[in-house]
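Ligands are counted one by one from 1 in listed order, and the atoms in each one are counted from 1 as well.
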Amino acid sequence: MDEHAPSDPVPPSEAADTPGRGLSRRGALAGIAAVGGISAVNVGAFAWAGGWFTPDSLSSGTFVDRFEQVYGRHSGFRRNHAKGLSASGTFVSNGAGAALSAATVFRTGSTPVTARFSLSGGMPMAADQNGTVRGLALLFHLDGREQWRTAMVNIPVFLDRVPRGFYDRMLATEPVAATGKPDPAKLAAFLAKYPETERAMAVVARTTPSNGFANSPFNGLNAFRFTDAAGATTPVRWSLLPEDPFAAGTHAAGRDYLFDALIERLAHGPARWRMVVTVAQPGDPTNDATRAWPADRRQVEVGTLSIDAVATEAPDNARDVNFDPTVLPTGIDLSDDPLLAARSSVYARSYQRRTREPHTPSAVEAPEAHRAQ
Ligand code: HEM
């Protein structure tokens, strides 16, 4: 089948994976455990993941076609969060998370991490802007054959509650050739259909982004479930809070000013974030990433992420990782958030297309001295 045939359906279980790290594709049948490096993917999720395509026949192929329609097709690049830098570091757990989750990453000790800093949107050469959503994706290399992958952003809530909302938003905000702006009538109709997006946009608009990656918070936004050693389950969300102090404004000029500042920052030593887990109370929504939980919810600081090095995207670093947020170790499970299954299959489709295309040079160049070893 032509890989780029429009609307090509992909079984969610067909999620592609990380070449070069001994990982291989998940089993072709939903529910078959991952082969290669990931033994503890929550395969239960994939049984229902197929359900998000229906009843309106939105498939991962259709979704990725829309990214390509809106942003163009850029050979070898991610269809969203196309502009980025690979990074590496360590997560040091303080042991406090072990009371909530049996995941080995929360035992006292350290875990190596492959990371990627990115800007949202599908244009790898886009000029940096403070208002563009920033991403930080992490792959924790746990002992044994487990991994934890998470892709987080610097905004406090997500703009869409359901996958179809994201899809419709891409179309409703696409600039019209004549004006260079979205069609106001289309946008108004979209917002009337998705009032949660209008509310979330207002929350995001009230949040001033920091002036760099190193002093940005990053939020997981989707809810997950932690299960402790005794089998008790707790709905949670997680965030990374920067140790570098907040500052607003633009501190440099140039197309890549945010990435250049990150490279410069890391030349002076690691950048650190405290990982904080927020614990839900009964009634807090776990299926709606547009809604924050009340500010007084219990927060547990579980450890510190240190990023020591960044590298130009290349084979064997984060370039070829699919940061599928449903790749979870024992002790962390999916919630009923409908975005998660969609993310898994759309990321797999984007990954599948980009890794079969010739790679154009990375959009952001890190000096050799700062390449991860
Ligand atoms: C239905 C909802 C979503 C869709 C369809 C979607 C789509 C995508 C796609 C196609 C990619 C590129 C994947 C690749 O080629 O490896 C991507 C990357 C990313 N997404 Fe999403 N996304 C969704 C929701 C979210 C949410 C809720 C978050 C944050 C909480 C998020 C954060 C990110 C980040 C940080 C990346 C870059 C990961 C990397 O560096 O590889 N996305 N997204």
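Looking at Gln352 and Val64, their side chains never come closer than 4.5 Å, going by heavy atoms from C-beta outward. Contact annotation: the side chain of Arg255 approaches that of Met125 to within less than 4.5 Å [non-hydrogen atoms, C-beta and beyond].
Figure legend: Arg169 and Phe166 shown as a cation-pi pair, the cationic atom lying under 6.0 angstrom from the six-membered ring centre and within 45 degrees of its axis.
Within the 3.5 Å criterion, the main-chain N or O of Pro338 finds no donor-acceptor partner in the side chain of Arg161. Looking at Asp228, its side chain does come within 3.5 Å of a backbone N or O of Ala232 through a donor-acceptor pair. Remark: side-chain polar atoms of Asn154 are paired, donor with acceptor, to backbone N or O of Arg134 under 3.5 angstrom. Looking only at distances, a side-chain donor or acceptor of Asn219 sits under 3.5 Å from a matching main-chain atom of Ile155. Between the side chain of Thr312 and the main chain of Ala366, a donor-acceptor pair closer than 3.5 Å is present.
Within 6.0 Å of CZ in Arg298 there are 12 or fewer heavy atoms belonging to other residues, nucleotides or ligands.
At a heavy-atom distance under 4.0 Å, no atom of Asp160 approaches ligand 1.
Heavy-atom proximity to atom 41 (O) of ligand 1, evaluated over Arg319, Arg78, Arg353, is greatest for Arg78. The heavy atom nearest to atom 24 (C) of ligand 1, out of those in Tyr167, Phe218, Phe77, Phe158, is found in Phe158.
The Ala137 neighbourhood of ligand 1 comprises atoms 38 (C), 39 (C), 40 (O), with distances under 4.0 Å to a heavy atom of that residue. Near Phe63, the atoms of ligand 1 lying under 4.0 angstrom from a non-hydrogen atom of the residue are 5 (C). The atoms of ligand 1 that sit less than 4.0 Å from any heavy atom of Asn222 are 27 (C). Within the listing of ligand 1, atoms 29 (C), 30 (C), 32 (C) sit less than 4.0 angstrom from a heavy atom of Val153. Every atom of ligand 1 with a heavy atom of Met152 under 4.0 Å away is listed here by number and element: 35 (C).
With Trp148 as the partner, the ring-ring contact (aromatic ring centres under 6.0 Å, His included) test is satisfied by one option alone out of Phe226, Phe224, Trp238: Trp238.
Looking only at heavy atoms of the protein, atom 30 (C) of ligand 1 is closest to Gly220 O, 3.2 Å. The protein atom (non-hydrogen) at minimum distance from atom 40 (O) of ligand 1 is Arg116 NH1, 2.7 Å. Closest to atom 1 (C) of ligand 1 among all protein heavy atoms lies Leu339 CD2, 3.9 Å. Shortest contact from atom 4 (C) of ligand 1 to any protein heavy atom: Phe166 CE1, 3.7 Å. Scanning the protein for heavy atoms near atom 15 (O) of ligand 1, the closest one is Ser350 OG, 2.5 Å.
Residue Arg354 has at least one N or O atom closer than 3.5 Å to an N or O atom of ligand 1. Taking distance alone, with nitrogen or oxygen atoms compared against 3.5 Å, Asn219 stays at or beyond that limit from ligand 1.
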### Query
So Ser335 and Arg225, side-chain hydrogen bond (donor to acceptor under 3.5 Å, both in side chains) or not? Walk me through it.
CA-CA 6 Å; Ser335 68; Arg225 290 182 300 125; over 6 Å; no
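With hydrogens and angles left out, the side-chain atoms of Glu313 and Ser86 include no donor and acceptor closer than 3.5 Å.
Under 2.8 Å from atom 21 (Fe) of ligand 1, one finds the following protein N/O/S atoms: Tyr347 OH.
Scanning both residues, Trp293 and Ala223, for their nearest heavy atoms gives CZ2-CB, 4.0 Å.
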In residues 96-113, what donor-acceptor pairs under 3.5 Å come from side-chain atoms, sequence neighbours left out?
| unit_1 | atom_1 | unit_2 | atom_2 | d |
| --- | --- | --- | --- | --- |
| Ser101 | OG | Ala103 | N | 3.0 |
| Ser101 | OG | Gly331 | O | 2.9 |

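Using 4.0 Å as the threshold, Ala289 has no heavy atom nearer than that to any atom of ligand 1.
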